[in-house]
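What follows is a short report on a single structure.
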Amino acid sequence: IMRRFVWMFVSPSRVFDEVREQKVGWVQPWIIVSVFYILITWLGLPIQRALLELNPNNVPADQLDQQLAMVGKFAFLQLIFAPAGVLVVALVMAAVSYVIVTLASKAATFKQYFTLMLFTDVVGVVGGMLITMREVGITQKFFFTQVKDTLGVVDLLHEDDGLVGPILE
């Protein structure tokens, strides 16, 4: 599994050749992408909660408490459904690309397109993981120490004192 994972970054054509020759199935890339999506979701949960606590829509306190309680109760569902979401997105993308390509030629099976979609998701999900890790670090460094008590959500985007400035530096 890890060999193909590394190949997606250093030699993607090797992975594509294995998909074409049907040496690999869709389960391996699905597991890799699902694990990354679960990690991204798990790392993002505190950020979602903190932003909700800012109450940008001026929700009454009792409703805000209910929303925070619901987020706490059902956050695990996001983690559970992440692998299913990966499958749904890959199936839709594979179906669209399969229809478009088969109009011109019958070069591959749907299973090959589906496997290819999951392998190409590996690259995007690793990038997403890196961005999420960066955002968690920025959130911990700036949001909880400077921004939470003094600024609203809109002010997080100001270049001078919000989160965008440190990102751009």
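FYI, side chains are in, hydrogens and waters are out, and symmetry mates aren't considered; it's all heavy atoms of this structure. Everything quoted here is computed from the prediction, not taken from an experiment.
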ILVMFWY network linking [X] to [Y], side-chain heavy atoms under 4.5 angstrom:
{"X": "I31", "Y": "M117", "result": "no"}
{"X": "F110", "Y": "F119", "result": "yes"}
{"X": "F9", "Y": "V35", "result": "yes"}
{"X": "V6", "Y": "V126", "result": "yes"}
{"X": "V99", "Y": "V92", "result": "no"}

Neighbour count above 12 (heavy atom, 6.0 Å) for W42 CH2: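 Counting other residues, nucleotides and ligands, CH2 of W42 stays at 12 neighbours or fewer.
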Mark yes when over 12 heavy atoms from residues, nucleotides or ligands other than M93 sit less than 6.0 Å from its CE; otherwise mark no.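 Not buried by this count: 12 neighbours or fewer within 6.0 Å.
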Would you name the heavy atoms of [X] and [Y] that are closest together and state the gap between them?
{"X": "V19", "Y": "L116", "answer": "CG1-N, 4.3 Å"}
{"X": "M129", "Y": "L39", "answer": "CE-CB, 3.6 Å"}
{"X": "L118", "Y": "A90", "answer": "CD2-CB, 3.6 Å"}
{"X": "P29", "Y": "T115", "answer": "CG-O, 4.2 Å"}
{"X": "V15", "Y": "R4", "answer": "CG2-O, 3.7 Å"}

Rounded to the nearest 0.5 Å, how far apart are CG of L68 and NZ of K73?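 Reported value, rounded in 0.5 Å steps: 12.5 Å.
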Atom pair CE (M70) and CD (Q63), whose distance is rounded to the nearest 0.5 Å: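 These two atoms lie 13.0 Å from each other.
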Quick check: do P83 and W30 have side-chain heavy atoms less than 4.5 Å from each other?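 P83 reaches W30 side chain to side chain.
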Starting from the C-alpha separation in whole Å, work towards a yes-or-no answer on side-chain contact (heavy atoms from CB on, under 4.5 Å) for F36 and D121. CA-CA 10 Å; F36 274 104; D121 279 351; over 6 Å; no
Under the side-chain contact (heavy atoms from CB on, under 4.5 Å) criterion, do F114 and L87 qualify, and how do the steps go? CA-CA 9 Å; F114 182 58; L87 281 178; 3.6 Å; yes
Using a 3.5 Å distance criterion without hydrogens, assess whether the side chain of W26 forms a donor-acceptor pair with backbone atoms of K111.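 Such a contact is absent between W26 side chain and K111 backbone.
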Determine, step by step, whether T120 and F16 satisfy the side-chain contact (heavy atoms from CB on, under 4.5 Å) criterion, reporting the C-alpha distance in whole Å, the side-chain angles of both residues, the deciding distance to 0.1 Å, and the verdict. CA-CA 10 Å; T120 56; F16 300 155; 4.0 Å; yes
Is D17 salt-bridged to R20, going by a charged N under 4.0 Å from an acidic O?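 Answer for the salt bridge query: yes.
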